[in-house]
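What you are looking at is a predicted structure, and each value in this text was computed from that prediction instead of being measured. Naming convention: chains lettered A, B, ... in sequence-line order (proteins, then strands); numbering from 1 in each chain.
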Amino acid sequence: MPNRITLEVTRYDPAHDEKPRLDSFEVPLRKEWVVLDALNYIKDHLDGSLTFRWSCRMGVCGSCGMTVNGVPKLTCATFLTDYAPGPVRVEPMKNFPVLRDLVVDTSDFLVKLEKSKPWIIRKVEKPLDEEYFQTPEQLEAYKQYSMCINCMLCYAACPVYGLDPLFSGPAAIALAQRYNMDSRDEGASERLDILSHHDGIWGCTFVGECTEVCPKNVDPAGAIQQYKLTASMEWVKALVLPRGSE
Amino acid sequence: MINPTEYLPKSYHPRVSTYWWLKRWVYLKFILREASSVFVAWTVVMTLLQVRALTRGPAEYADFQNWLRSPLVLALNTVSLFFVFFHAVTWFNLSAKAMVIRVGGKRLPNLAITGPNYAAWAFVSAAIAWILLRG
């Protein structure tokens, strides 16, 4: 194994640059190092102006999503040795505006996330001293979707979102589904109006790459297809039953 | 609500290339999967034409068979066979994503959903082959 590897890193300074360029850095290649370690090495020893987001270094905070050799990855979980002998190209997440170097503007996702109402909606709240009991089976129904860490790799992998920025996108829909499947929640009909819009689930063409890149096995593509089935059933009910799907 | 992007500095907005689907094999596979619908439609049209020829008597059916043997149709149908096969395989593999079946509180594994699809496909194909080839 060679003891050094080259990183080609996107650089963009909004004050001076019209468009991003690539800078090359040579860093030590250690078997326990992930791409994020290499970026921190560059920042500490080679160029202190390199800008990127990171926090937990353990796949929990969802901050360090970038494009590594063309594929959306959490850089804290992407080992350098898998790319030896290199070079490794590290770019910002695709489909988002670039603010500086490897930092992207995630505002659009946050607006969409809020629209899908990812919280428990109750028609009548129970008194504070009463609990909402849940069986292991009821927990199992939504647990997978609750693992989302909002890293937005699914948005970076989704060509539909890249081509149509109005599309709600994978994580927002998966998180809506997380609450729809929760036995304590009563807000499914509120979310249906938002998600069954053509910019919601029907925008998805099932490329499926959101699920492939998800570091937490959330399976947003599956959530969207299941939601399409639910929305279709609701539509049929509204058509056939005299009082719709109420 | 305050627009969260209002106070942000200038940013670079990359444009998605027209040829985005050539950049990664997974995207190309998706485009091929979508394009396969055209060949599935062609196969349906061809089958309908075949049934029509069959109802119009032996002479017409012989003409139809001759047309099927022409190099152009043969080439088209070879490509169609590949795409119909590709369409079926990708469709069956994706079916497990859209169908969540729980037995005893546990989600059935993907194979339990795709497996019967493949089995049904093999059974129907074998049944049709038997009807056509028994003499």
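Heavy-atom minimum distance, B:Pro14 versus A:Pro97: CD-CA, 4.4 Å. For B:Lys10 against A:Pro14, the heavy-atom pair with the smallest separation is NZ-O, 3.0 Å. Among all heavy-atom pairs drawn from A:Gly162 and B:Val16, the shortest one is O-CG2, 3.3 Å. Of all heavy-atom pairs between A:Thr205 and B:Glu34, the closest is O-OE2, 4.4 Å.
Contacts of A:Tyr227 with chain B are absent, with no heavy-atom separation under 4.5 Å from either backbone or side chain. At a 4.5 Å heavy-atom cutoff, the contact between A:Asp17 and chain B is made by backbone atoms alone. In this structure, no portion of A:Ala223 lies under 4.5 Å from any heavy atom of chain B. Proximity to chain B (any heavy atom under 4.5 Å) is shown, for A:Gln138, by neither the backbone nor the side chain. Heavy atoms of A:Glu209 lying under 4.5 Å from chain B belong exclusively to its side chain.
No more than 12 heavy atoms of other residues, nucleotides or ligands sit less than 6.0 Å from atom CH2 of A:Trp235. Applying the 6.0 Å contact sphere to NZ of A:Lys43 captures more than 12 heavy atoms from other residues, nucleotides or ligands. The environment of CG in B:Leu111 is sparse: at most 12 heavy-atom neighbours from other residues, nucleotides or ligands sit within 6.0 Å. Enclosure of atom CZ in B:Phe123 is not indicated, since only 12 or fewer non-hydrogen atoms of other residues, nucleotides or ligands lie within 6.0 angstrom. Other residues, nucleotides and ligands contribute more than 12 heavy atoms inside 6.0 Å of the OH atom of A:Tyr132. Residue B:Trp121 qualifies as enclosed at atom CH2: its count of foreign heavy atoms under 6.0 Å is above 12. The number of heavy atoms from other shown groups lying within 6.0 Å of NZ (A:Lys73) does not exceed 12.
Of the listed residues (A:Gly208, A:Ala141, A:Ala15, A:Ala221), the one with the most heavy-atom contacts under 4.5 Å to chain B is A:Ala141. Ranking A:Gln226, A:Glu212, A:Arg100 against chain B, the residue ahead of the rest is A:Gln226, based on heavy-atom pairs under 4.5 Å.
Between atom NE2 of residue B:His13 and atom CG of residue A:Asp105 there is a gap of 7.0 Å, rounded to the nearest 0.5 Å.
Residues of residues 25-33 of chain B having a heavy atom under 4.5 Å from any heavy atom of chain A, listed by number: B:Val26, B:Tyr27, B:Phe30, B:Arg33. Listed by sequence position, the residues of residues 40-51 of chain B in contact with chain A number zero, using a 4.5 angstrom heavy-atom cutoff.
When side chains are defined from C-beta on, B:Trp20 counts as touching A:Leu163, because their heavy atoms get closer than 4.5 Å.
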